[in-house]
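In what follows, a single structure is set out as structure tokens and then discussed.
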Amino acid sequence: MDTVSFTTAMARVPSPVTVVTTYGPDGVPYGFTAGSFCSASLDPPLVLVCLDKGASTHPAFSTTRRFLVNVLGRGQQEVAGRFATSGIDRFAAGDMSPQELGLPGLPGASARIACSLHSVLDAGDHTALLGRVEETFTSDRTPLVHVDRLFHHPAPNHPAPTNPAPNRPDPTGRLAGPDSRSQPPMPGRAFPLIFAERVEATAEFYELLGFTRQSRNPPEGEPTYIGLRRGSTELAVVSADWSVTQCGIPPGPGPRFEMFVLVEDLDTTLKQLTDGRVPLLRAPTDMPWGERIAHVLDPDGNPVAVACAITP
Ligand SMILES: Cc1cc2nc3c(=O)[nH]c(=O)nc-3n(C[C@H](O)[C@H](O)[C@H](O)COP(=O)(O)O)c2cc1C
């Protein structure tokens, strides 16, 4: 097998773009760009990264006790280039600061995985560093991908996990890390939370309008949070207690917001809703701007406009 054929074929394999960092025994930071990063085991949680035995950073990494994998995100190609450049001070830009386990990390990384060194394996002209995952951080920044010798980032509609804020329960009940939700990444993402007395019933109502459940907390028993999605629209139905525990304000009586839902066929949707005994607030009415709109009530007393285009 010749090297060119091998590397040409491997260029077709998308890889993550990471910068792996550590401190040497002298306290000097070391780092290199790595595309060979992947997970290796779930239990125990192990990851793997391969480092060229001839690299200037090899002595530091093959003897270190800890390392941090910074998963680079959209707009961080320059960092990837810098940590792959020989003979420069890769940390001179000052964009790395102490992060997980106190190791040098990029605050704006897409994710960070902090590891203790589990084992060092011989892998031809490379050394495979197996790390035991000790701490992780996940942000909403779209990760960079390297394929066909170019940097890319996935289209915006990929799952964008967020870490729960420190000391606050994650209302979705998700662990930090990829989940089943399919949301555009922050900062463009925004969605309403409906404070509902009857979370389950309210979520079922929105399911009738074409929303599907994406997340739930707690996983079993009476839900206090149900995340829903319809196309690119997100919505969360949250128990009324949430407002009290988070903001100290009980939700007031009466309508608290109006949801506007466009549907293909208003009559069919209304039939589905009213068959489920959803109260009709206002019969379908043609609007001068070309929409036919009806209003119904959700189980928590909020008006919901259901609309379609007026067909000639
Ligand atoms: C996208 C990309 C991915 C890379 N992946 C790896 C890798 O997985 N392992 C590795 O040893 N070097 C990898 N490199 C090369 C190193 O980042 C770096 O260029 C090399 O270690 C430089 O050697 P030096 O430290 O001796 O200057 C990669 C470089 C780029 C641009």
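Order of listing sets the numbers, starting from 1, for every ligand and every atom in it.
Considering both main-chain and side-chain atoms, His146 never comes within under 3.5 Å of ligand 1 through any nitrogen or oxygen pair. The shortest N or O to N or O distance between Gly87 and ligand 1 is not under 3.5 Å. Considering backbone and side-chain N/O atoms, Asp52 comes within less than 3.5 Å of an N/O atom of ligand 1.
Scanning all protein heavy atoms for the shortest distance to atom 8 (O) of ligand 1 gives Ser36 OG, 2.6 Å. Atom 25 (O) of ligand 1 has its closest protein heavy atom at Ser56 OG, 2.6 Å. Looking only at protein heavy atoms, the nearest one to atom 27 (O) of ligand 1 is Ser86 OG, 2.7 Å. The nearest protein atom to atom 2 (C) of ligand 1, hydrogens excluded, is given as Thr33 CG2, 3.7 Å; this is a heavy-atom distance. Arg90 NH2, 3.6 Å is the protein heavy atom nearest to atom 22 (C) of ligand 1.
Enclosure of atom NZ in Lys53 by more than 12 non-hydrogen atoms of other residues, nucleotides or ligands within 6.0 angstrom is indicated. Sparse packing is recorded around CZ of Arg66, with 12 or fewer heavy atoms of other residues, nucleotides or ligands lying under 6.0 Å away.
Close approach to Leu51 involves these atoms of ligand 1, each under 4.0 Å from a residue heavy atom: 11 (O). Contact atoms of ligand 1 toward Ala55: 21 (O), 26 (O) (distance under 4.0 Å to a heavy atom of the residue). Every atom of ligand 1 is numbered from 1 in the order shown, and the set under 4.0 Å from a heavy atom of His126 is 11 (O). Within ligand 1, counting atoms from 1 as listed, the ones closer than 4.0 Å to a heavy atom of Ala84 are 17 (O), 18 (C), 19 (O), 29 (C), 31 (C). Residue contact check: Gly35 has heavy atoms under 4.0 Å from atoms 3 (C), 4 (C), 5 (N), 6 (C), 7 (C), 8 (O) of ligand 1.
Residues Asp125 and Asp52 come closest through the heavy atom pair O-OD1, 3.7 Å. Contact record, Phe137 with Ala109: CE2-O, 3.9 Å, taken as the closest heavy-atom pair.
Two rings, from Tyr30 and Phe91, have their centers 6.0 Å or more apart.
To the nearest 0.5 Å, the span separating CZ on Arg90 from CE on Met96 amounts to 10.5 Å.
Between Glu207 and the choices Arg229, Arg230, Arg213, the salt bridge (charged side-chain N to carboxylate O under 4.0 Å, His left out) rule is met once, by Arg213.
Residues Leu68 and Val20 form no side-chain contact, since every pair of their non-hydrogen atoms from C-beta on lies 4.5 Å or further apart. Glu258 has its side chain out of reach of Asn302: every pair of non-hydrogen atoms, C-beta onward, lies at least 4.5 Å apart.
Counted by atom type alone, Thr224 and Glu222 present zero donor-acceptor pairs between their side chains at under 3.5 Å.
Contact annotation: for Phe83 versus ligand 1, heavy atoms closer than 4.0 Å belong to the backbone alone. At a 4.0 Å heavy-atom cut-off, ligand 1 touches Cys50 through the backbone alone.
Protein heavy atoms are absent from the 4.0 Å sphere centred on atom 20 (C) of ligand 1.
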